[in-house]
K.L.:
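Would you mind keeping the following structure in view while I ask a few things?
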Amino acid sequence: MEKPARITSVEQLNEWMAKAGKRPLLLFKHSTSCPISAAAYAEWEAFLSSDAATEVLSAAVFVIEDRPLSNEIAERFGIKHESPQALVVVGDEVKWHASHWNITKQALTDAVQSL
């Protein structure tokens, strides 16, 4: 598997959203210092290896290293910041989100397949 994509700036977020168009964009907000986030990151990586992942564009945001971007995502979509956190964005709207132990390969698969 390739290394998962990472977004580090608001400009890159805008580019990814434009690239996604009407296709879902899965954003994974990851804390590099949190063991719960590490477990959720492993679930996200497992999802990325699945057939369901071909339905979405997907990228990580490291919340400690890229705090302004993390804050922008919370503000832009009106979703309170948590980490780990997964958001499925279609257009300019969050269609699904989860945090902490609710981020599993199956939950991500179900979210994408329900769109």
K.L.:
Under 4.5 Å between side-chain heavy atoms, hopping through other hydrophobics if needed: is there a path connecting Val112 to Leu27?
P.N.:
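Different clusters.
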K.L.:
The criterion is side-chain hydrogen bond (donor to acceptor under 3.5 Å, both in side chains); which residues satisfy it with Glu15, sequence neighbours excluded?
P.N.:
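Scan of Glu15 (side-chain hydrogen bond (donor to acceptor under 3.5 Å, both in side chains), adjacent residues dropped) gives none.
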K.L.:
Of all residues at least two apart in sequence or in a different chain, which pass the side-chain contact (heavy atoms from CB on, under 4.5 Å) check with Ala59?
P.N.:
Ala5, Ile7, Trp16
K.L.:
As an exercise, state the distance from CG of Asp110 to CG of Leu115, rounded to the nearest 0.5 Å.
P.N.:
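Rounded to the nearest 0.5 Å, the CG-CG separation comes to 11.0 Å.
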K.L.:
To the nearest 0.5 Å, what is the distance between CG on Leu108 and CG on Leu48?
P.N.:
8.5 Å
K.L.:
If you measure from CH2 on Trp96 to CG on Leu26, what distance do you get to the nearest 0.5 Å?
P.N.:
7.5 Å
K.L.:
Which pair of non-hydrogen atoms, one from Phe28 and one from Ala40, has the smallest distance, and what is that distance?
P.N.:
CZ-C, 3.7 Å
K.L.:
Report the C-alpha distance between Gln113 and Thr109 in whole Å, list the side-chain angles of each, state the deciding distance to 0.1 Å, and finish with yes or no for side chain to side chain donor-acceptor pair (under 3.5 Å).
P.N.:
CA-CA 6 Å; Gln113 291 178 339; Thr109 300; 5.9 Å; no
K.L.:
With sequence neighbours excluded, tell me which residues meet side-chain contact (heavy atoms from CB on, under 4.5 Å) with Ser31.
P.N.:
Ser33, Cys34, Ser37, Val63, Ile64, Ser83
K.L.:
Ignoring hydrogens and geometry, is there a side-chain-to-backbone donor-acceptor pair from Lys29 to Ser70 under 3.5 Å?
P.N.:
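Pair found, side chain donor or acceptor close to backbone of Ser70.
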K.L.:
Spell out, yes or no, whether Ile73 and Val10 are grouped together once hydrophobic residues are joined by side-chain heavy atoms under 4.5 Å, including indirect joins.
P.N.:
yes
K.L.:
Which residue pairs pass the salt bridge (charged side-chain N to carboxylate O under 4.0 Å, His left out) test when at least one of the two sits in residues 75-91, sequence neighbours left out?
P.N.:
Glu72-Arg76
K.L.:
Under a single-linkage definition using a 4.5 Å side-chain heavy-atom cutoff for Ile, Leu, Val, Met, Phe, Trp and Tyr, are Leu13 and Ile79 assigned to the same hydrophobic cluster?
P.N.:
yes
K.L.:
Are Phe47 and Val88 connected in a single hydrophobic cluster, I mean Ile/Leu/Val/Met/Phe/Trp/Tyr linked by side-chain heavy atoms less than 4.5 Å apart?
P.N.:
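Yes, one cluster joins them.
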K.L.:
Only pairs at least two apart or in different chains count here, so list each salt bridge (charged side-chain N to carboxylate O under 4.0 Å, His left out) that has a residue in residues 47-68.
P.N.:
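Qualifying pairs, neighbours excluded: Arg6-Asp66.
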K.L.:
Could you give all pairs that pass the salt bridge (charged side-chain N to carboxylate O under 4.0 Å, His left out) test and reach residues 83-101, with sequence neighbours left out?
P.N.:
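Only Glu93-Lys95 qualify under salt bridge (charged side-chain N to carboxylate O under 4.0 Å, His left out).
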K.L.:
Is there a ring-ring contact (aromatic ring centres under 6.0 Å, His included) between Tyr41 and Trp44? Walk through the geometry before answering.
P.N.:
CA-CA 5 Å; Tyr41 191 88; Trp44 176 62; 5.3 Å; yes
K.L.:
Quick one: pull up CE in Met17 and CG in Leu57 and give me the separation to the nearest 0.5 Å.
P.N.:
11.5 Å
K.L.:
Strictly distance-based, threshold 3.5 Å: is any side-chain N or O of Gln85 a donor or acceptor partner for the main-chain N or O of Ser99?
P.N.:
no
